[in-house]
Number of protein chains: 2
Amino acid sequence: MTPKRELIKGSSSSLLLCLIEQQPMYGYQIIKEMESRSQGYFNFKEGTLYPALHRLEKAGLITGQWQMLPNGRPRRYYYITTRGEAKIAAERVQWQDFLTAIRLIIKPAST
Amino acid sequence: MTPKRELIKGSSSSLLLCLIEQQPMYGYQIIKEMESRSQGYFNFKEGTLYPALHRLEKAGLITGQWQMLPNGRPRRYYYITTRGEAKIAAERVQWQDFLTAIRLIIKPAST
DNA sequence: TATTATACCTAGCAACTCCAGGTATAAAGC
DNA sequence: GCTTTATACCTGGAGTTGCTAGGTATAATA
């Protein structure tokens with residue numbers, strides 16, 4: 001079950017948006033959540049995740065807010081924005097189109 | 001219907017293998033075939049396709065053979081190899097695993 | 001006291017798509 | 001006859017994004 005790097009590449013930002021839409025999360029939590037939900041399949045590295053979050057924030061699809069824990073340590077929680085929600089909707093369509101196109105290649109319609 | 005570049009990225013080599021498995025093809029034909037079968041969705045550029053074919057050949061998954069047309073112009077036909085067929089089977093499994101993992105993220109199982 | 005878990009971050013390499021360009025012949029339009 | 005389009009191959013460099021490997025720091029556990 002070697003996760004295919006290149007498959008993940010095309011969908012990681014969409015997955016992040018989906019997760020954060022369901023519930024505001026911070027980076028470290030996202031890594032753990034991805035891993036546990038996918039039963040170990042996704043294993044995002046920090047070097048992948050943090051830059052990705054920064055890109056999403058820069059694009060205005062999520063917004064991060066520092067929150068202090070009782071013990072004084074800060075965490076950066078990310079929230080979905082209106083634009084992020086729109087993006088998710090658009091990507092859902094893209095995914096469908098993509099899957100449809102793939103199917104047409106593997107099982108060509110009788111011409 | 002903007003095809004998502006990064007989605008394609010992860011599956012282009014698998015798609016090429018699938019096409020060539022169905023029928024030996026040459027580069028230019030593959031571009032046209034991809035486009036017509038997918039109703040315009042896939043629109044591989046030459047700068048994408050030819051290097052990809054070379055990579056697949058180098059990896060021993062396909063094998064190319066020059067063939068002379070009656071008019072004297074050469075074409076390079078690519079054939080699937082045994083190893084290429086094995087690869088296709090493996091990638092089918094990877095795809096299923098990937099899709100399963102995705103579903104677990106977008107629709108988490110009740111915990 | 002040492003290790004692990006939590007929590008953030010960046011720099012640089014690698015992989016792959018695309019743009020843009022190059023080469024060359026055949027067919028079709030004017 | 002000449003020009004454009006289609007056919008058919010190719011490469012170099014830029015852009016995007018994942019991963020490795022490293023850094024910083026605190027809290028909990030062994």
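Per chain, numbering begins at 1; letters A, B, ... match sequence-line order.
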Can you pull the side chain to side chain donor-acceptor pair (under 3.5 Å) pairs that have at least one residue in residues 47-63 of chain A, sequence neighbours excluded? A:E57-A:R76
Under the salt bridge (charged side-chain N to carboxylate O under 4.0 Å, His left out) rule, what pairs show up with a residue in residues 23-33 of chain B, not counting sequence neighbours? B:E33-B:R37
Across the strands shown, which category fits A:F44 at heavy-atom distances under 4.0 angstrom: base, sugar-phosphate, nothing? nothing
So B:K45, base contact, sugar-phosphate only, or nothing? Heavy-atom distance under 4.0 Å. sugar-phosphate
With sequence neighbours left out, what residues match A:I31 under side-chain contact (heavy atoms from CB on, under 4.5 Å)? A:F44, A:E46, A:L49
Specify the separation, in whole Å, of atom [atom1] of [X] and atom [atom2] of [N].
X: A:F42; N: D:dT17; atom1: CZ; atom2: C1'; answer: 15 Å
X: B:Q65; N: D:dA8; atom1: CD; atom2: P; answer: 18 Å
X: B:E46; N: D:dA8; atom1: CD; atom2: P; answer: 11 Å
X: A:I31; N: D:dC19; atom1: CD1; atom2: P; answer: 11 Å

Side-chain N or O of A:Y26 less than 4.0 angstrom from OP1 or OP2 on C:dA7? yes
Taking the side chain of [X] as its heavy atoms from C-beta onward, which of [options] lies nearest to it?
X: B:Y28; options: D:dC19, D:dT7, D:dC10; value: D:dT7
X: A:K32; options: C:dT6, D:dT17, D:dA8; value: C:dT6
X: B:R76; options: D:dC10, C:dC9, C:dA7; value: D:dC10
X: A:R75; options: D:dT7, C:dT17, C:dC8; value: C:dC8
X: B:Y50; options: C:dC9, D:dC10, D:dA6; value: D:dC10

Using the test salt bridge (Lys or Arg N to Asp or Glu O under 4.0 Å), find all partners of B:E21 that sit at least two apart in sequence or belong to another chain. none
Hey, which of these two, A:P51 or B:W66, hits DNA chain D nearer its 5' end, going by closest nucleotide? B:W66
Go through residues 54-64 of chain A and report each residue with a non-hydrogen atom lying under 4.0 Å from DNA chain C, sorted by number. A:H54
Shorter than 3.5 Å, N or O on both sides, protein versus nucleotides 12-15 of chain C: list them out with atom names.
residue : atom : partner : partner atom : Å
C:dA15  : N3   : A:K9    : NZ           : 3.4

Have a look at B:I20 and tell me which of B:L15, B:I88, B:L53 forms a side-chain contact (heavy atoms from CB on, under 4.5 Å) with it. B:L53
B:Y28 meets the ring pair (Phe, Tyr, Trp, His ring centres under 6.0 Å) criterion, sequence neighbours left out, with none
Residues which pass ring pair (Phe, Tyr, Trp, His ring centres under 6.0 Å) with A:Y77, listed by chain and number, not counting sequence neighbours: A:Y26
Holding to side-chain hydrogen bond (donor to acceptor under 3.5 Å, both in side chains), I want the full list of residues that pass it with A:Q67, two or more places apart in sequence or in another chain. A:Y79
How close do A:L17 and A:G84 get, heavy atom to heavy atom, and via which atoms? CD1-O, 4.3 Å
